[in-house]
Amino acid sequence: MTAPLLSLSGVSRHFGALKAVDDVTLDVPTGARHALIGPNGAGKSTLFKLVTGSMPVSAGTVTLGGTDVTGLPEHVRARLGISQTLQHSSLFTTQTVEQNVLLAAQRRHGSRASLVPRRQAAARERVDGLLADVGLDHRRGSPVADLSHGERRQLEVAVALACEPRLLLLDEPAAGMSPAESARLVELVRALPETVTVVIVEHDLDVVFALARSVTVLHLGRVLLTGTPEQVRASDAVQEAYLGTGRESLFTDTAGPAALGVG
Ligand SMILES: Nc1ncnc2c1ncn2[C@@H]1O[C@H](COP(=O)(O)OP(=O)(O)OP(=O)(O)O)[C@@H](O)[C@H]1O
């Protein structure tokens, strides 16, 4: 079995009496395509914050590649290879598409690197590759303000990848995307190298089932089930957790990823 890149052991986060994340233990192997799902308020975003370090745990340990990062601040965890796309855009809207990715690449390698012409050329080449990967090469000179919602989400993925992550956390990347944009996102994530481990929080379960090889279902802060997409779809407990959310049918119909046209 592949060694876990990310290990959570007894991770909890309390807000007063509310246990937003409650004793979560989870191993995410290197190269995984792992989804974190659950109804609204299940604790998904909070758990992401505990992994990135933007919020401290109340209890438990977070380990990345065998290193205990629980006490480390967010920027140090980022340097160790954790990168996140955010639900709320963190892009520089007055800058162009290309500038946003270049800035992220320069931050990764230190601003001094941008003064060395050879490194500058390498960074530009990398930016070209990333923009092609996310399908935004034709928009490179456009200010972010001119992009559609879906294009912004594509750019956020390019910015996150420019940080050369070992662990890429995608927080609702398909939110507000058209079906065509969602399909493109699925293709993009599928094409990422196995050196990038992906954990995705996503409400669009067609996207989840098209991408994930393993799924953890959170409910009321606790792990309800971790298993294959098939096991999750077949679980009565998961269907019950989703009762009344309007998304139950995704566990009972057979359309799944085909609904996105990505097979
Ligand atoms: N800073 C905070 N202070 C108090 N309560 C919080 C805070 N952040 C989250 N919560 C609560 O913790 C619980 C889990 O919230 P969280 O946002 O992690 O859920 P989620 O699964 O990401 O939900 P959604 O799918 O709606 O984004 C919710 O009850 C929420 O109201």
Side-chain angles (χ1 to χ4, degrees), residues 6-26 28 32-62 69-71 73-74 77 82-90 149-150 152-153 156-157 160 167-177 181-182 185-186 189 197-212 214-227 229 232-233 235 237-251:
L6 176 69
S7 266
L8 306 180
S9 177
V11 167
S12 298
R13 173 70 204 199
H14 304 159
F15 298 109
L18 176 74
K19 295 177 176 178
V21 172
D22 188 10
D23 196 21
V24 168
T25 292
L26 176 66
V28 179
R33 301 290 179 260
H34 191 85
L36 203 53
I37 67 170
N40 289 110
K44 306 177 295 293
S45 295
T46 305
L47 190 59
F48 259 19
K49 288 176 187 157
L50 304 180
V51 173
T52 62
S54 68
M55 185 182 274
V57 300
S58 303
T61 54
V62 179
V69 300
T70 319
E74 190 174 11
R77 295 192 205 189
I82 299 180
S83 200
Q84 183 184 16
T85 63
L86 298 163
Q87 254 181 34
H88 304 293
S89 182
S90 55
H149 179 79
R152 286 188 193 212
R153 309 295 333 224
E156 284 163 16
V157 176
L167 177 64
L168 177 63
L169 304 174
L170 299 170
D171 195 356
E172 297 197 31
M177 279 190 170
E181 287 169 337
S182 295
L185 174 84
V186 167
V189 177
T197 301
V198 178
V199 182
I200 179 170
V201 164
E202 180 55 59
H203 277 297
D204 184 334
L205 295 175
D206 287 328
V207 170
V208 167
F209 291 127
L211 269 182
S214 53
V215 181
T216 293
V217 185
L218 280 185
H219 185 42
L220 303 173
R222 296 187 75 92
V223 174
L224 189 63
L225 177 73
T226 293
V232 166
R233 292 184 79 153
S235 161
V238 174
Q239 277 184 48
E240 218 167 279
Y242 271 87
L243 267 186
T245 63
R247 294 193 175 95
E248 306 87 325
S249 64
L250 278 148
F251 298 97

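Count residues from 1 along the sequence. In each ligand, atom 1 is the first atom listed, and ligand 1 is the first ligand listed.
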- request: Give the contacting part of Val21 toward ligand 1: side chain, backbone, both or neither, where contact means a heavy-atom distance below 4.0 Å.
  value: neither
task: Determine the minimum heavy-atom distance between Asp23 and Arg222, stating which atoms define it.
output: OD2-NH2, 4.2 Å
- request: Take Glu156 and Arg153, measure what salt bridge (charged side-chain N to carboxylate O under 4.0 Å, His left out) needs, and give me the verdict at the end.
  value: CA-CA 5 Å; Glu156 284 163 16; Arg153 309 295 333 224; 3.1 Å; yes
message: If I compare all heavy atoms of Val199 with all of Phe48, which pair ends up nearest, and what's the gap?
response: O-CZ, 3.5 Å
query: Looking only at N/O atoms, are Met55 and ligand 1 under 3.5 Å apart anywhere?
result: no
- line: Between the CD1 atom in Ile200 and the CG atom in Leu185, the distance rounded to the nearest 0.5 Å is 6.0 Å
query: Do ligand 1 and Leu18 have nitrogen or oxygen atoms that lie under 3.5 Å from each other?
result: no
query: Lys49 near ligand 1, heavy-atom distance under 4.0 Å?
result: no
query: Which atoms from ligand 1 have a heavy atom of Ala42 less than 4.0 Å away?
result: 19 (O), 20 (P), 21 (O)
task: Measure from the side-chain N and O atoms of Ser83 to the backbone N and O of Ala160, and report whether any donor-acceptor pair falls under 3.5 Å.
output: yes
Atom indices of ligand 1, in the order listed, that fall short of 4.0 Å to a heavy atom of Thr46: 9 (C), 15 (O), 16 (P), 18 (O)
For the student: nearest non-hydrogen atoms of Leu224 and Ala241, plus distance: CD2-CB, 3.8 Å
message: Just to be sure I'm reading this right: ignoring hydrogens, which of Ser45, Gly16, Gly43, Gly41 gets closest to atom 23 (O) of ligand 1? Compare them by their nearest heavy atoms.
response: Gly41
